[in-house]
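Here the structure is laid out as structure tokens; the discussion comes afterwards.
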Amino acid sequence: MRYPSRPTKDLYELPPEALLTPDEAADLLRMTATALRQRRCRGEPPAFLKNGFVIRYRKGEVDAFMLGDDDTTPPGYGAVQLDQATANG
């Protein structure tokens, strides 16, 4: 089941730890969800979280990527399992 995306104007007001769907992250990045998926498959930033088949992006990671701060995502980062990410912070 797909959930509707939040309006783009509301996404800008979310805190950095908020989790975004791929469609929402793509909206913020002004790219298609397909282009974002291709970046993810190539191991390119922004970093993402994965729990089974569910993909989410932290808004802070998306913001850093938009600002060109690639230092937040080391090369070859891969997916972070959602349960590990929440346990660490």
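With sequence neighbours excluded, the residues forming a side-chain contact (heavy atoms from CB on, under 4.5 Å) with Tyr12 are Thr8, Leu28, listed by chain and number. Taking Asp27 as the reference, nothing meets the side chain to side chain donor-acceptor pair (under 3.5 Å) condition, with sequence neighbours excluded. For Arg30, the side chain to side chain donor-acceptor pair (under 3.5 Å) test picks out no residue, with sequence neighbours left out.
Between Glu17 atom CD and Glu61 atom CD the span is 12.5 Å, to the nearest 0.5 Å. The structure places NZ of Lys50 at 8.0 Å from CZ of Arg40, a figure rounded to the nearest 0.5 Å. A distance of 13.5 Å separates CG of Leu19 from CZ of Phe48, quoted to the nearest 0.5 Å.
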Query - Derivation of the side-chain contact (heavy atoms from CB on, under 4.5 Å) call for Arg56 and Val54 - result: CA-CA 7 Å; Arg56 293 292 181 263; Val54 177; 3.7 Å; yes
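In this structure, Arg39 and Pro45 have side chains that are in contact, with non-hydrogen atoms separated by less than 4.5 Å. Leu29 is listed as a side-chain neighbour of Phe65, based on a closest heavy-atom distance under 4.5 Å. A 4.5 Å side-chain heavy-atom check between Tyr57 and Thr21 finds every atom pair outside the cut-off. No side-chain heavy atom of Pro46 sits under 4.5 Å from any side-chain heavy atom of Asp63. Counting heavy atoms from C-beta on, the side chains of Leu20 and Leu14 come closer than 4.5 Å.
When every heavy atom of Ala26 is checked against every heavy atom of Leu36, the shortest pair comes out as N-CD2, 3.7 Å.
The pair Arg6-Glu24 counts as a salt bridge, with a side-chain nitrogen and a carboxylate oxygen less than 4.0 angstrom apart.
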